[in-house]
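A short write-up of the structure that comes next.
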Amino acid sequence: MTDLAVRSPVALLRRVTQPARSMGRRVEGRSVYLILTLTAAGLVLLGWFLPWFVGPFTAGTGFSPQDVVSSAPTGFATVLVYVMGASALIVVLSPLAELVARLRKMTLGVRVDQVRAIAGAAGLVAAVLVYVLVGVIREEPAFGVLSSTTITNSAVWLTMYGFGVALFAYGAKGLVLTRPNLAFAIAALPFGALLPLMFHQAPDFLLWAASSLAIYTLLALGLNVVVGFAGLLDLGYAAFFAIGAYACASLSSPIHGIHLPLWVLIFLGAAIAAIFGALLGAPTLRLRGDYLAIVTLGFGEIIPDLATNNVFNLTGGPNGLPGIDQPKIGPVDFGTSPQWYYWSIVAVTLISVLLLRNLQRARVGRAWVALREDEVAAAATGINTTTTKLLAFAIGASVSGLAGAFYGSMLTAISPDAFQFQVSIAVLSIIVLGGIGNITGVILGSFVLTFVIFWALPHAHEWSATFAHNFNVSAVGNINFPQYTYIIYGAALILMMLLRPGGLLPSRARRIELQTGVESESLAAVQGRA
Amino acid sequence: MALLEMASVTKQFGGLTAVSNVSFSVGEREIVSMIGPNGAGKTTAFNCITGLYPVTSGRVLFDGTRVDGQPPHRILRFGIARTFQNIRLFSYMTATDNVMVGAHWWMKERVWDGAFKTPRGRREERDIEQMALELLDALGLGDRAGSYARELPYGLQRRLEIARALATRPRLLLLDEPAAGLNPQEKNELMALIARMRDEGLTIFLIEHDMSVVMGISDRIIVLDHGEKIAEGPPAEVRENKRVIEAYLGSGASQEARTA
């Protein structure tokens, strides 16, 4: 590596854009590379069309880089925006080119990579300059008419970030191919940390959306322990989410006069959910596969019903529990600043990811996988199947308890509706879609599916209306999207499973399994007890 | 004193008696084979010993302690490890991980050691991995340590199952048809391996159909037929036993053998 110091930056760039030499993990690396570039294209697009996304909510005019051009037809910023536009086209189209090339079983050469890397770099520089002009210098002629600078900020930030990811994906190709998880973390972390800053003063709904995304990520991570690692199909996972949420809500609201701080509730919620996880797991120990799924399905129905029926006068009946505390840490009032919720949830999610990943690679993680692979052999190799299963249920449930603690205090009120069967199914879809058993895949799946379920589908109607209005295409505006929500959702899932049956990022085990198939029987069945 | 003792063990499935009033013992550092025609109850006997089947009546004693009625993982912890007739590896775990699962029960690492990567947990993980790699090396699987069990050829899968059993630190190793599907060279290697394991202090109790293996390594042979023990003794003696020949070749066979 010593020769790097004397090389020119261009040579360095050429060097890092060389195709990776590691052919062994090619398949996984390729898909990661594609996903990163698609992300970059998506971010650039999102930045440019941000007004469409937020328009329906803000009831005001939004501004994106195009607006910079239209409001200042002769300014220096206009040139920059044209540079951004040209490079954005390259960034947005290159993943498509990649897909087409893969379908035709060709590989795009190094030269294409270089073009994309240069486009990414140029776009990034232009975006930074535009941001400086817009945000810092406030160059008068260019931005005299802009009324909503925060959205302009957000749009340029997102564009900038998209170019950043593109540059990273094309530049650090070697890293992306050999260490996909690390590459994901490097690309996603700054975005995650900067998101509240991008949207500071901007509509809170973006941060609320991001926080509920984090909650679903937590739920998916928890369910992944039970279903992905230990191979126990759980269709009633929302029950543990409900238990955690109700427990925390009871302990931080006027109902019982108990007001515990959020950071205590996190641990309490996790502990209570874990206890219930073990309790509800106990009767299912002898079951496997379909039978286990049916029993857990029952739990998932019973718990919200108990809450609806106001059992022991603890749950407030169909109306749920209102008036949950807004946490405060010193001068920071979470209630008025959603970005604190956001950052604390992201921190908790990150810590959970780390701990779960450690567990996966430790003694207990091996025991879970052994149990999943062959329960009889696991027992005959000295694994206590009972405690190992209960531990999976308890740890999986405890993560949903964390999510429940945040959920209640974010919404300030909870009701049984939020914990119905659809939640369990949504979380299960997330892990199946993302890549069951693979933590990175599960996180990715939660991003994709929460966006689709909670943002794209409910708002498709408004977006199409904006589109129809702007381009005067009334046919698009008349489509009744809410009517087709679940059809679109279902069709997307089916298509996904046909195209990538192992999920977006399948675990190595799952990839091989799909080519062969599995059979399993329970220990209890072998012993004649079930 | 006998290491393993079966005392009048009977196992019934509904009306079918798979193992009927069988008694025998396996002494310390012995190599004992159990043979018999298909359906004689050999694997059922193994499953009774390892707790996969609860015995209907009778007792199983290991080193003087009664082990029947205990769950399989507890029986393993007494020092009885086994392999399976139809290989039961953890298909989608690497060879190393398969062996490391064998160390599961005696590892000191707790859940929080794993989650928080405590120095104690990390040290033990490293030691166990080292142990696993050495064990794989010793069994000739050193260069396949990172392969999934499923990806290994058949003969290596059999060896990996033995490696996993050895990692549980057993005193008695039950091998269920370890030579099935092996070629002559692999069979010879297997016999050498069994002899080596015995020399290192293990007791081996195996089910085997391959007579060259059985006759070559066994100190004693136990013969089951229709769930009953019909003979027991050193190889030379069992080979001549009239009931054994009948069981294998039909009732006319021993007569023909005599007249011929």
Side-chain angles (χ1 to χ4, degrees), chain A residues 24 225 231 274 351-352 354-388 391-392 394-395 398 437 506-521 523-529, chain B residues 13-14 46-47 50-54 71-77 80-84 87-94 96-118 121-122 124-125 128 146 148-151 161 164-165 167-170 174:
Chain A
V225 172
I351 293 169
S352 310
L354 276 181
L355 294 183
L356 291 177
R357 201 202 57 164
N358 288 349
L359 276 182
Q360 187 189 9
R361 296 175 183 178
R363 174 175 176 258
V364 62
R366 279 194 300 275
W368 283 334
V369 177
L371 204 64
R372 178 187 79 195
E373 293 300 318
D374 191 329
E375 190 178 339
V376 175
T381 315
I383 288 171
N384 185 340
T385 54
T386 308
T387 53
T388 307
L391 199 63
I395 288 180
S398 73
S507 61
R508 185 178 158 211
R510 194 88 177 98
R511 274 206 311 281
I512 303 179
E513 186 180 322
L514 283 165
Q515 295 156 7
T516 44
V518 276
E519 70 289 330
S520 61
E521 62 192 314
L523 175 62
V526 169
Q527 290 183 317
R529 292 187 289 120
Chain B
F13 296 102
F46 263 29
N47 287 348
T50 53
L52 290 182
Y53 293 159
H73 69 270
R74 193 119 356 113
I75 292 177
L76 177 117
R77 293 169 191 193
I80 306 180
R82 72 170 291 176
T83 66
F84 292 87
I87 305 172
R88 304 192 80 140
L89 287 163
F90 307 122
S91 308
Y92 298 110
M93 292 176 94
T94 62
T96 317
D97 278 350
N98 265 279
V99 178
M100 286 169 84
V101 170
H104 178 88
W105 75 271
W106 52 267
M107 282 177 76
K108 291 187 185 66
E109 184 194 318
R110 302 286 86 158
V111 175
W112 53 87
D113 290 321
F116 298 103
K117 280 198 173 179
T118 58
R122 246 188 293 188
E124 195 176 22
E125 280 290 320
I128 300 293
Y148 274 140
R150 172 137 222 157
E151 300 169 324
E161 229 191 352
R164 181 180 71 187
T168 65
R169 297 183 165 168
L174 307 180

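In this text the structure is predicted, and so the values were computed from the model without any measurement. All chains are named by letter (A, B, ...) in the order of the sequence lines, taking the proteins before the strands, and each is independently numbered beginning at 1. Hydrogens, waters and symmetry mates are skipped; everything else that's a heavy atom, side chains included, is used.
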Distance check, rounded to the nearest 0.5 Å: [X] atom [atom1] versus [Y] atom [atom2]?
| X | Y | atom1 | atom2 | answer |
| --- | --- | --- | --- | --- |
| His73(B) | Thr387(A) | NE2 | OG1 | 6.5 Å |
| Lys117(B) | Asn358(A) | NZ | CG | 5.0 Å |
| Leu359(A) | Trp112(B) | CG | CH2 | 12.0 Å |

Carboxylate-amine/guanidinium contact Glu125(B) Arg366(A), below 4.0 Å: yes
Between [X] and [Y], which heavy-atom pair has the shortest distance, and what is it?
| X | Y | answer |
| --- | --- | --- |
| Gly382(A) | Arg77(B) | O-NH2, 2.7 Å |
| Phe84(B) | Ala380(A) | CZ-CB, 3.7 Å |
| Ala362(A) | Gly114(B) | CB-CA, 3.6 Å |

Residue from Asp97(B), Thr50(B), Ile80(B), Asn98(B) scoring the most non-hydrogen pairs under 4.5 Å with chain A is Asp97(B)
Looking only at Ala165(B), Pro72(B), Ala115(B), Gly102(B), most heavy-atom pairs under 4.5 Å shared with chain A are made by Ala115(B)
[X] versus chain B, heavy atoms under 4.5 Å apart: side chain, backbone, both or neither?
| X | answer |
| --- | --- |
| Ile395(A) | side chain |
| Arg361(A) | backbone |
| Leu371(A) | neither |

I'd like to check the salt bridge (charged side-chain N to carboxylate O under 4.0 Å, His left out) partners of Asp113(B); sequence neighbours left out, ordered by chain and number. Arg120(B)
Please name all residues satisfying salt bridge (charged side-chain N to carboxylate O under 4.0 Å, His left out) with Arg363(A), sequence neighbours left out, ordered by chain then number. none
Answer yes or no: is there a side-chain heavy-atom contact under 4.5 Å between Met93(B) and Asp374(A)? no
Check: Thr168(B) and Thr381(A) side chains under 4.5 Å, non-hydrogen atoms: yes
